[in-house]
Amino acid sequence: MKESILITGGAGYIGSHTAYLLAQKGYHVIILDDFYYKQPFNHSWATVIKGNVCDDHLLDKIFSQFSINAIMHFAGFIAVGESVQNPFKYYDNNVVNTLTLLKKAIQYKINKFIFSSSAAVYGLPDQLPLKEDHKTLPVNAYGNTKLVVEYLLSDVARAYDFKFVALRYFNACGAEFHHGLGEYHQPETHIIPLAIRAAMSGKEFKIFGNDYDTPDQTCIRDYLHVADLALAHEAALNYLKQGGLSEIFNLGTGRGYSVKEILTTVEKVCGQKLQIKICERREGDPAILIADPAKAQKYLGWNAKNSHLEKIISDAYQFERLSHRESHLSKEAII
Ligand code: UDP
């Protein structure tokens, strides 16, 4: 019989790529997603349940109907700026709903849990690349919600027969467009899809700050292909299945690219010159964030093998082209 994995937020960006990979690896994938972004999701490789993690009765139904072996918890809000303006929304969804899910996991004796954490838990780095034992002092509500859940998981793991892996993502990007998967956020705030859309439409792209203490004065980030993120989740699941202890891992490549380097590659891949406008810094943006991925490499046997910048951008571009064509076709059908 297939092992069943519950994937909350499995119709979202990183969740859907991971869900697809696990389905290919022979798992029965059960996706619980509230379709908050109204994203299209027409895939037959998963059991898809529309609903929210805060729905106690729905969780009872799912856990009694299916024999779930592990939970991967992706569901959560991710917009840093919005989290600062509307902290209740973020604490409700990212913390309170996770609490509901964890209580149910313990009630139904599900003892393997993989959590989508974030590099935002570190705040402003003292040392680079960032290791997992670097101090955690988030500079926004989003990062705080991720850190609170990490604490919650540690306490639950101490009290019960329960093991978790928290994965601190750096910059997720790219797409598996040939499987109809990619990034679909409303509104989109991430540099790569925004720059590609600017290249495709001829609209202006805004650089948030060119006065940083970096070689070209723009921010540096560690960009990780979503296919590598999915592989890391599979590795984390195997780690827990083999009796691994609760751990926290960075997921990044260990190499950074500046905003300008991203834009140059977007221009090359799309074959279009960007209209660039230099704007004020975005609040809470550290100059450089780069992961030290050594711990994940050692414990999970995982390496970022799909994260070459040109591949990332070219995959994201193909996905944008496909979604652009599909939305155009569906508009024509309505007319
Ligand atoms: N960025 C930018 N213009 C944009 C979006 C992002 O200059 O329209 C910059 C942003 O300031 C940061 C980097 O690109 O330095 C990556 O931002 P993104 O929002 O993609 O990811 P984050 O690092 O915030 O998770």
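Numbering of ligands and ligand atoms starts at 1, following listing order.
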Shortest protein heavy-atom distance from [atom], along with the residue and atom involved:
{"atom": "atom 9 (C) of ligand 1", "result": "V259 CG2, 3.8 Å"}
{"atom": "atom 6 (C) of ligand 1", "result": "I191 CB, 3.7 Å"}
{"atom": "atom 15 (O) of ligand 1", "result": "C219 CB, 3.0 Å"}
{"atom": "atom 11 (O) of ligand 1", "result": "D285 OD2, 2.6 Å"}
{"atom": "atom 22 (P) of ligand 1", "result": "N171 ND2, 3.5 Å"}
{"atom": "atom 13 (C) of ligand 1", "result": "Y223 OH, 3.9 Å"}

Report task. Establish, from distance only, whether the side-chain atoms of Q297 and N303 form a donor-acceptor pair under 3.5 Å. Result -> yes

Query raised in the report: Under 3.5 Å, is there a donor-acceptor pair between the Y20 and H179 side chains?
Result: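 Yes, H179 and Y20 have a side-chain donor paired with an acceptor closer than 3.5 Å.
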
Report summary line: Any heavy atom of H190 under 4.0 Å from ligand 1? The part involved is both

Query raised in the report: What part of K206, side chain, backbone, both or neither, has a heavy atom within less than 4.0 angstrom of ligand 1?
Result: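 Backbone only.
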
Any atoms of ligand 1 less than 4.0 Å from a non-hydrogen atom of [X]? List them with their elements.
{"X": "L194", "answer": "8 (O)"}
{"X": "I207", "answer": "7 (O)"}
{"X": "T189", "answer": "5 (C), 19 (O)"}

Query raised in the report: Would the F319 and Y184 ring centres measure less than 6.0 Å apart?
Result: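 Centroid distance F319-Y184: not below 6.0 Å, so no.
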
**Report entry** Pair Y169 and H233, ring centroids less than 6.0 Å apart
**Finding:**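 So the answer is yes for these two rings.
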
Report task. Evaluate the ring planes of F77 and Y90, with Trp represented by its six-membered ring, and classify them as parallel (under 30°), tilted (30 to 60°) or perpendicular (over 60°). Result -> tilted

Report summary line: Checking heavy-atom distances from atom 18 (P) of ligand 1 to each of R282, K277, K260, R221, the winner is R282

Query raised in the report: Are K104 and F63 in a cation-pi contact, defined as NZ or CZ under 6.0 Å from the six-membered ring centre and within 45° of the axis?
Result: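 K104 over F63 ring: no.
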
Report task. Check whether NZ of the Lys or CZ of the Arg R221 lies under 6.0 Å from the centre of the six-membered ring of Y223 and within 45 degrees of that ring's axis. Result ->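 Geometry flag: not set, cation outside 6.0 Å or 45°.
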
Requested in this report: Over all heavy atoms of both residues, which pair between T253 and S307 is shortest? Give the atoms and the distance, please.
Outcome: CG2-CB, 3.7 Å

**Report entry** Short N or O distance, F208 and ligand 1, threshold 3.5 Å exclusive
**Finding:** yes

Query - Check ion pair E132-R168 (N to O, under 4.0 angstrom) - result: no

